Amino acid sequence: MLRIAHALNSQLLGALERAFPAAAVAARGAGQPLDPQLAPASKPEFGDFQANGALVLARPLRQAPRQIAAAIVAQLEADPAFGALCLPPEIAGPGFINLTLRPELLAAEVGRRLADPRLGVPAVGDAAAPVVVDFSSPNIAKEMHVGHLRSTIIGDALARVLEFRGHPVLRLNHVGDWGTQFGMLITHLKEVAPAALSTADAVDLGDLVAFYRQAKARFDADEAFQVRSREEVVKLQGGDPVSRRAWQLLCDQSRREFQRLYDRLDIRLLERGESFYNPCLEAVVADLAAAGLLVSDGGAQCVFLEGDDGSASKAPPVIVRKSDGGFNYATTDLAAIRYRFASPPEGDGARRVIYVTDAGQASHFAGVFQVARRAGWIPPGGRLEHVPFGLVQGEDGKKLKTRAGDTVRLRELLDEAVERCEADLCRRLAEEGRREEEAFITEVATTVGLAAVKYADLSTNRTTNYQFSFDRMLALQGNTAPYLLYAVVRIAGIARRGGAGAALPSPLLFTEPQEWALVRQLLQFDGVILEVEEELLPNRLCSYLFELSQVFNRFYDQVPVLRAEDPARGSRLALCRLTADTLKLGLGLLGIPTLERM
RNA sequence: GGGGCUGUAGCUCAGCCGGAUAGAGCGACGGUUUCCUAAACCGUAGGUCGUGGGUUCGAGUCCCGCCAGCCCCGCCA
């Protein structure tokens, strides 16, 4: 549909310029070329598209908007290329031009899409520069908890969409693997399990969280331990081999635990933690000094921020070197930005860098981004974007906690979703008297449970806080994963009962309004993907897929497929097939696999 | 005190850079099954878009003030 929209837009623009040549010249001279304001029709009865450009011209042309619209329409109707695309346009309301595409054109588009594995979504060329998506980013020696849920799920979905569009995507896991907490962890490890430092896999650290707690408790209670821990940090940063090995051990252990969750959620990540940027930190500060951005304040090296107009900002400065000479997280973040935009081999050569972190870090990133921009590290056309998301709240509207008031572990949260799903499925099977293999039940519960967690998160606009509710996300009706998965299953049922290998007629022939509604919904897929790529809002894709499922279910309910006679039967099978392809691809881009039966 | 985000139906949320009579889902109420999975479909009720101004032919959407909630605010990430 994008291709058609582009064609229509240029035809409209041509009509506009032919109808009002003087205004077109004047507008171009003023740097504000005429715009037909082509948009999708706001209601089905208005056709496929509407052009609102006539309304804007009313004032400069001192003519009634409907009169202007009529002049544009007259030009359009004189254009044979337009006539090949659309039925005669209609002027409605204050001066909207409503456009309806020729039905046979829509049917042909459906046919073309069935033969296209990309379903009409254009791929960016080979010359595409890398896009960095920085997401998930847990801390070493800590367990992943509900706070990592949104970054992980949203980041993965965005990466999938960008990859599908053909961008080389670097999925970076910026893990917290460097910092003062390693002093106490290593000191504790050395004292509790010295064997681990000399023999591979001698000790299973087991529950790293418990280990972290023990170390923290000693650190808080024991002054001598504190001193040893601080010395340990210095040794680690100085490259002491034993300290490095202990650090490596902790990282390896954490990595294995993270990986179990990533495998379960089918998420690929390239680990590149904070420590990776250590060698660059000196150079970062030197760069900032050379750019004249550094100011010493209270012994710390700072960059003071500016407002949009270049005036001094009231925001606190970005500190890149502490008064004790050490670097902090802002320095690391700056080093990461510099590295990611820098050309290979000294950097990633990225043109777009995306950070998926909670909204609470907005001001931190705003400051760091400004410094990077003023330091000249962002190449022309380079995009640096913070993709913020809101808190995960419980149904009481407060930050999600367990009943005991603890942080919710991600693993346990996923377990509960799958368990609830399985219980629900078993109850339903019993009610319907269905018998299924254990393996089937496990597969369905796992797929639906995890899909529900992902979809619930992705389907709301990420900028607002998100109210977590197992009952809502697992509901079988409404904008939920189970509802969408069920639509796929229905189509799979049709395929099993004889629709699988059927030859499709050409041209496809549609007669029922439910068929046309489905056709129009299907053809919007390409536009939605490009919108998600641009706006980085996965909920747009979710809404689209939900609407597609609704339109399909209406069609399925009201229009027979297998029992119809050809050519209707074949044409309807084509719609089923394309619906299934679109739902599978779309859900796949959200990181959600589909099922044949459920 | 400074900054950010949010405020739309009883509840959870959309609203695609200003366009036609503000949309879903849940919940409520009522209906549909000799037929491809009823995990579905159809219908009814329900909104002063926090509030007061402003800009505009046109504002849920843009600007300003105010109110409420959440979050952030210099050497932690």
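Letters A, B, ... are given to chains in the order of the sequence lines, protein chains preceding strands, and every chain is numbered from 1. No experiment lies behind these values; they were computed from the predicted model shown.
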Inset, instruction - Can you sort out the partners of A:F46 under ring-ring contact (aromatic ring centres under 6.0 Å, His included), two or more places apart, ordered by chain and number? - result: none
Inset, instruction - List for me each residue that meets side-chain contact (heavy atoms from CB on, under 4.5 Å) alongside A:K584, sequence neighbours excluded, and say none if there are none. - result: A:V488, A:T594, A:E596
Legend entry - Residues forming a side-chain contact (heavy atoms from CB on, under 4.5 Å) with A:T464, sequence neighbours excluded: none
For [N], take OP1 and OP2 only and decide whether either is under 4.0 Å from a side-chain N or O of [X].
X	N	value
A:K142	B:A77	no
A:R569	B:C36	no
A:Q550	B:G25	yes
A:R554	B:C42	yes

Legend entry - Rounded interatomic separation in angstrom, taking CD1 from A:I319 and P from B:C73: 13 Å
Legend entry - Pair A:F369 + A:Y355: ring centers closer than 6.0 Å: yes
Legend entry - Partner residues of A:R59 under the salt bridge (Lys or Arg N to Asp or Glu O under 4.0 Å) criterion, sequence neighbours left out: none
Inset, instruction - Taking salt bridge (Lys or Arg N to Asp or Glu O under 4.0 Å) as the test, write out the residues that go with A:R150, two or more places apart. - result: A:D457
Using the [atom1] atoms only, state how far [M] lies from [N], rounded to an integer number of Å.
N	M	atom1	value
B:G65	B:G27	C1'	38 Å
B:C73	B:A28	C1'	46 Å
B:G18	B:G31	P	46 Å
B:C13	B:C57	P	37 Å

Legend entry - Test item: A:Q226 side-chain N/O and A:F219 main-chain N/O as donor-acceptor pair under 3.5 Å: yes
Inset, instruction - Return yes if some donor-acceptor pair links the side-chain N/O of A:R272 with the main-chain N/O of A:H174 below 3.5 Å, else return no. - result: no
Grab the N/O contacts between the protein and nucleotides 27-31 of chain B below 3.5 Å, and write none if there aren't any.
none

Legend entry - Summary of side chain to side chain donor-acceptor pair (under 3.5 Å) pairs that have at least one residue in residues 473-484 of chain A, sequence neighbours excluded: A:Y455-A:N479, A:Y483-A:N553
Inset, instruction - Provide the full list of side chain to side chain donor-acceptor pair (under 3.5 Å) pairs with a residue in residues 521-537 of chain A, sequence neighbours left out, each pair given once. - result: A:R113-A:D526, A:R165-A:E533, A:H167-A:E533, A:R383-A:E534, A:E531-A:R540
Inset, instruction - Report which part of the nucleic acid A:C576 touches: base, sugar-phosphate, or nothing (heavy-atom distance under 4.0 Å, all strands). - result: nothing
Inset, instruction - Mind checking A:Y556 for me? I need base, sugar-phosphate or nothing, with any heavy atom below 4.0 Å counting as a touch. - result: base
Inset, instruction - Give the nucleotide from the list B:A40, B:C36, B:C75 with an atom nearest to the side chain of A:I494. - result: B:C36
Legend entry - Nucleic acid footprint by protein, nucleotides 3-14 of chain B - heavy-atom cut-off 4.0 Å, B for base, S for sugar-phosphate alone: --SS-----SSS
Inset, instruction - Can you check whether any acceptor in the base of B:C35 is under 3.5 Å from a donor in the side chain of A:R563, or vice versa? - result: yes
Legend entry - Pair assignment for RNA chain B - dot-bracket with | for other-strand partners, Watson-Crick or G-U under 3.5 Å: (((((((..((((.....[...)))).(((((.......))))).....(((((..]....))))))))))))....
Inset, instruction - Please work out which residues in residues 172-185 of chain A have a non-hydrogen atom less than 4.0 Å from an atom of RNA chain B and list them by number. - result: none
What does the list of N/O pairs under 3.5 Å between the protein and nucleotides 17-22 of chain B look like, with a distance for each?
residue, atom, partner, partner atom, Å
B:A20, N7, A:S42, OG, 3.2
B:A20, N7, A:Q50, OE1, 3.4
B:A20, N6, A:Q50, OE1, 3.2
B:A20, N6, A:N98, OD1, 2.4
B:A20, N6, A:N98, ND2, 3.4
B:A20, N1, A:N98, ND2, 3.2

